[in-house]
Number of protein chains: 2
Amino acid sequence: MNRAEKAEKAKYETRAKVLKALAHPARLKLVDELAAKEEACVCDLTEVIGSDMSTVSRHLAQLKNAGIVESEKHGQMVFYRLRVKCLTSLFSCIESVVKCQIDDQRRVLS
Amino acid sequence: MNRAEKAEKAKYETRAKVLKALAHPARLKLVDELAAKEEACVCDLTEVIGSDMSTVSRHLAQLKNAGIVESEKHGQMVFYRLRVKCLTSLFSCIESVVKCQIDDQRRVLS
DNA sequence: TGCGTATTTGCATCTTTGGCCAATTATACG
DNA sequence: CGTATAATTGGCCAAAGATGCAAATACGCA
């Protein structure tokens, strides 16, 4: 595999990594929550999600690893916040896919 | 769980489904290819991806199931094409996440 | 009808994820 | 210091995902 092919492979793998980090209901809810609240600690987010704190912590770690959120420790608490502003437009695209599907289903039923 | 909570749950699950369909290097490459070519058959896409045709067929099925592509059969061949136009803006958001990370790494190294 | 090509589907296998519980680390507070 | 709270990490298991090979389908064509 030559240099250009490697670069292309890396491009798709990096994109996939970011998308994979977003591709889970709990993590999408975390992102939504952080978009609304500006920042939040793990304990608060744990209540919102309703899973074990360890689970939420791992979800946040994935988002962080993908570069979607960043964290800062204050005392015993760790605060997370979004690092990216463009997520709204991203989700509006996702929604347009969803909407398109719903329209299709309606067409099939009628 | 009440009606509103169910709706919220469904919202995140639906979004996650679309994102999950995109969250794979091969499927991202397929999307890129279809964006460039307007439409293509499975056999051509198989060459591009370089996996077994059955694998590529399954990847395409996932994209279709998520509402990202649609397909049409002509003779023995099945042609796939994108159903959504907004993917460019979606990827530019993903890229901004990636770029942000790269900048961070550079900062750490220097 | 029978052959060849394009595509999908049925296993079998291997890897990755998600989740909880328990243990560990880090920090605040008495 | 000892204890309590916040968060992360390790271990484990069940569920989901990826992939190739082989078999089944679906067409086109002679």
Side-chain angles (χ1 to χ4, degrees), chain A residues 1 9-10 12-34 37 39-82, chain B residues 1 9-10 12-31 33-34 37 39-81:
Chain A
M1 196 162 60
K9 187 162 171 281
Y12 293 120
E13 280 172 359
T14 318
R15 284 186 182 184
K17 188 179 145 199
V18 177
L19 286 163
K20 206 186 284 190
L22 288 170
H24 187 287
R27 293 195 290 272
L28 288 175
K29 190 164 182 175
L30 285 170
V31 167
D32 246 23
E33 201 66 21
L34 292 175
K37 280 194 187 167
E39 77 173 14
C41 64
V42 181
C43 49
D44 288 347
L45 293 168
T46 296
E47 278 195 26
V48 174
I49 300 295
S51 307
D52 197 275
M53 183 183 271
S54 67
T55 302
V56 175
S57 177
R58 275 187 234 265
H59 280 314
L60 288 165
Q62 278 185 70
L63 290 171
K64 184 176 176 180
N65 187 252
I68 297 162
V69 305
E70 59 191 359
S71 65
E72 202 170 337
K73 189 163 191 173
H74 283 129
Q76 342 168 231
M77 276 138 75
V78 178
F79 289 87
Y80 282 85
R81 62 172 161 276
L82 290 184
Chain B
M1 195 162 60
K9 188 162 172 281
Y12 292 120
E13 280 172 359
T14 319
R15 284 186 181 184
K17 187 180 147 199
V18 177
L19 285 163
K20 207 185 283 192
L22 288 170
H24 188 288
R27 293 194 291 271
L28 288 175
K29 191 164 182 175
L30 286 170
V31 167
E33 201 65 21
L34 291 175
K37 281 193 187 168
E39 77 173 13
C41 63
V42 181
C43 51
D44 288 349
L45 292 168
T46 297
E47 277 195 26
V48 174
I49 300 295
S51 305
D52 197 274
M53 184 184 270
S54 66
T55 301
V56 175
S57 175
R58 276 187 235 265
H59 281 314
L60 288 166
Q62 279 186 70
L63 290 172
K64 185 176 175 181
N65 188 250
I68 297 160
V69 305
E70 59 191 0
S71 66
E72 202 171 337
K73 190 161 190 173
H74 284 129
Q76 342 168 231
M77 276 138 77
V78 178
F79 289 87
Y80 283 84
R81 63 172 161 276

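Source: prediction; values computed, not measured. These numbers come from the heavy atoms of this one structure, side chains and all, not from hydrogens, waters or symmetry mates. Lettering follows sequence order; numbering is per chain, from 1.
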* Separation of A:Leu60 atom CG from D:dA6 atom C1', in whole Å? -> 13 Å
* Structure fact -> Side-chain contact check for A:Val42: nearest option of C:dC20, C:dT8, D:dT8 is D:dT8
* **Proximity to the side chain of B:Tyr80 - top-ranked nucleotide from C:dT7, C:dT8, D:dT8** => C:dT8
* **Candidates C:dT7, D:dA7, C:dG19 - which lies nearest the side chain of A:Met53** => D:dA7
* For A:Met77 and D:dT5, what is the distance between atoms CE and P respectively, to the nearest whole Å? -> 14 Å
* Is a donor-acceptor pair below 3.5 Å formed from side chain B:Ser54 to base D:dC21, judging by atom type as modelled? -> yes
* Quick one: A:Leu45 CG to D:dA7 P, roughly how many Å, whole number? -> 9 Å
* Between P of C:dG18 and CG of A:Leu22, the distance in whole Å -> 12 Å
* A:Lys20 side chain N/O closer than 4.0 Å to the phosphate oxygens (OP1, OP2) of C:dT17? -> yes
* N/O (side chain, A:His24) to phosphate O (OP1/OP2, C:dT16) under 4.0 Å -> no
* Pairwise distance CD(A:Glu72) to SG(A:Cys41) - rounded to 0.5 angstrom -> 13.5 Å
* Hey, is B:Glu13 close enough to B:Lys9 for a salt bridge, meaning N to O under 4.0 Å? -> yes
* Let me know the distance between CG of B:Asp52 and C1' of C:dT9, rounded to the nearest Å. => 12 Å
* Asked: Under 4.0 Å between a side-chain N or O of B:His59 and OP1 or OP2 of D:dT19?
  -> yes
* Phosphate OP1/OP2 of D:dA18 contacted by B:Gln62 side-chain N/O (<4.0 Å) -> yes
* To do: Could you state the atom-to-atom distance from CZ of A:Phe79 to C1' of D:dA6 in whole Å?
  => 10 Å
* **Heavy-atom donor-acceptor pair, B:Ser57 side chain to B:Met53 backbone, under 3.5 Å** => no
* Asked: Looking at D:dT5, does its base get a donor-acceptor pair with the side chain of A:Gln76 below 3.5 Å?
  -> yes
* Heavy-atom side-chain contact between A:Leu45 and A:Leu34 under 4.5 Å -> yes
* Classify the side chain of B:Arg58 versus the base of D:dG20 as yes if they form a donor-acceptor pair under 3.5 Å and no if they do not. => yes
* Asked: Roughly, in whole Å, what's the span from NZ in A:Lys17 to P in C:dT16?
  -> 15 Å
* Once you round it to whole Å, what is the distance between P of C:dT27 and NE2 of A:His74? -> 13 Å
* Charged N to carboxylate O below 4.0 Å: is that the case for B:Glu70 and B:Arg81? -> yes
* To do: Kindly say if A:Thr55 contacts the phosphate of C:dC20, meaning a side-chain N or O under 4.0 Å from OP1 or OP2.
  => yes
